[in-house]
Amino acid sequence: DIQMTQSPPTLSASVGDRVNISCRASRGISTWVAWFQQKPGKAPKLLIYKASILQNGVPSRFSGSKSGTEFTLTISSLQPDDFATYYCQLYDSFWTFGQGTKVEIK
Amino acid sequence: QDHLVQSGPEVKKPGASVRVSCKASGDTFGNYGLSWVRQAPGQGLEWMGWISTYNRNTVYAQKFQGRVTLTIDTSTTTASMELRGLRSDDTAVYYCARDRAPRRLDTFDLWGQGTMVTVSS
């Protein structure tokens with residue numbers, strides 16, 4: 001099975017910072033990667049699908065990219081509402097989540 | 001607007017079984033697949049399995065093969081997940097989630113509110 005290794009586990013940042021979260025696949029895959037945001041006590045929310053396509057209604061400060069087997073979620077200017085945990089997900093014949101990245105206030 | 005509404009919290013003893021339901025509104029049934037995802041307290045997301053609401057095909061995560069069964073009832077537009085042989089490490093919030101696109105395996109754009117299952121003697 002393909003594994004998704006997400007980093008960093010925790011990220012401390014300030015409002016206005018540019019933030020990058022990475023997911024690396026254990027072997028070459030297509031672009032079937034999504035990114036989710038989850039806040040405590042809530043279901044995850046889809047941000048990005050097919051590596052770089054912004055889900056309807058998601059602010060444009062969120063973006064996704066792919067380079068080789070590495071996938072990156074970028075928040076261009078961190079806002080107070082963005083402090084949350086983020087997960088990558090590979091979806092192909094199976095679905096696999098990364099371990100999560102908690103974005104904390106610095 | 002489409003919704004997924006799950007059944008209420010459950011408390012079970014080790015070795016028992018639990019069934020969690022997920023009622024879909026809108027055009028989910030007959031068009032989309034539904035997955036089940038769980039999250040243990042303070043832990044990450046874990047995909048358990050997928051069922052098609054248009055042909056009843058299922059795909060299970062290897063970890064849960066033989067211990068979980070996914071079913072649908074088209075008359076009530078309700079999906080169910082049964083987990084058997086419960087252990088304390090099955091304590092988690094269980095979510096149903098719908099594929100983003102119809103009639104294809106996809107990521108999830110609609111989630112239920114989650115159902116807390118507690119396994120304790």
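Residue numbering restarts at 1 for every chain, and letters A, B, ... go by the order of the sequence lines.
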message: Check this for me: Q65(B), atom CD, are more than 12 non-hydrogen atoms of other residues, nucleotides or ligands nearer than 6.0 Å?
response: yes
message: Angle between ring planes, F36(A) versus F108(B), binned at 30° and 60°: parallel, tilted or perpendicular?
response: tilted
message: Quick check on the hydrophobic clustering: are V15(A) and I75(A) connected, directly or via other members, by side-chain heavy-atom contacts under 4.5 Å?
response: yes
message: How close do Y87(A) and Q43(B) get, counting heavy atoms only, and between which atoms?
response: OH-O, 3.6 Å
field: Verify same cluster id: Y91(A), I2(A) (apolar side-chain graph, 4.5 Å)
entry: no
field: When G100(A), P44(A), A34(A) are compared by non-hydrogen pairs under 4.5 Å with chain B, the top option
entry: P44(A)
- prompt: Any link between L73(A) and L90(A) through a network of hydrophobic side chains (Ile, Leu, Val, Met, Phe, Trp, Tyr) touching at under 4.5 Å?
  reply: yes
field: Between CG on residue L47(A) and OG1 on residue T107(B), distance to nearest 0.5 Å
entry: 10.0 Å
Any donor-acceptor pair under 3.5 Å from W95(A) side chain to D106(B) backbone: yes
- prompt: What distance do F97(A) atom CZ and E46(B) atom CD have between them, rounded to the nearest 0.5 Å?
  reply: 10.0 Å
- prompt: In Å and rounded to the nearest 0.5 Å, what is the CZ to CH2 distance from F94(A) to W47(B)?
  reply: 5.5 Å
- prompt: Got a second to check how far L105(B)'s CG is from D92(A)'s CG, nearest 0.5 Å?
  reply: 8.0 Å
message: To check you understand the geometry: which heavy-atom pair defines the closest contact between A43(A) and G112(B), and what is its length?
response: CB-O, 3.6 Å
- prompt: Which atoms of K50(A) come close to chain B, meaning under 4.5 Å heavy atom to heavy atom: side chain ones, backbone ones, both, or neither?
  reply: neither
message: Please report the interatomic distance NZ(K45(A)) to CG(D109(B)), rounded to the nearest 0.5 Å.
response: 12.5 Å
- request: Treat each ILVMFWY residue as a node, draw an edge where side-chain heavy atoms are under 4.5 Å apart, and state whether Y32(B) and I72(B) are in one component.
  value: no
message: If hydrophobic clusters are built by linking Ile, Leu, Val, Met, Phe, Trp and Tyr wherever their side-chain heavy atoms come under 4.5 Å apart, do V68(B) and W50(B) end up in the same one?
response: no
- request: Using non-hydrogen atoms and a 4.5 Å limit, figure out which bit of N56(A) sits close to chain B: side chain, backbone, both or neither.
  value: neither
field: Any side-chain heavy-atom pair of Q89(A) and L45(B) under 4.5 Å
entry: no
message: With a 6.0 Å cut-off (strictly less than), is the heavy-atom count around NZ of K102(A), excluding the residue itself, greater than 12?
response: no
query: Yes or no on side chain to side chain contact (heavy atoms under 4.5 Å, CB included) for Q55(A) and R100(B), after CA distance, side-chain angles and deciding distance?
result: CA-CA 10 Å; Q55(A) 172 70 350; R100(B) 188 192 62 84; 4.1 Å; yes
field: W111(B) CH2 to Q38(A) CD distance, which is reported to the nearest 0.5 Å
entry: 7.5 Å
- request: Count the heavy atoms of every other residue, nucleotide or ligand shown that sit under 6.0 Å from CZ of R104(B), and state whether that count exceeds 12.
  value: yes
query: So which part of V93(B) gets closer than 4.5 Å to some heavy atom of chain A, the side chain, the backbone, both or neither?
result: neither
task: Sort Q39(B) into side chain, backbone, both or neither according to what part of it lies under 4.5 angstrom from a heavy atom of chain A.
output: side chain
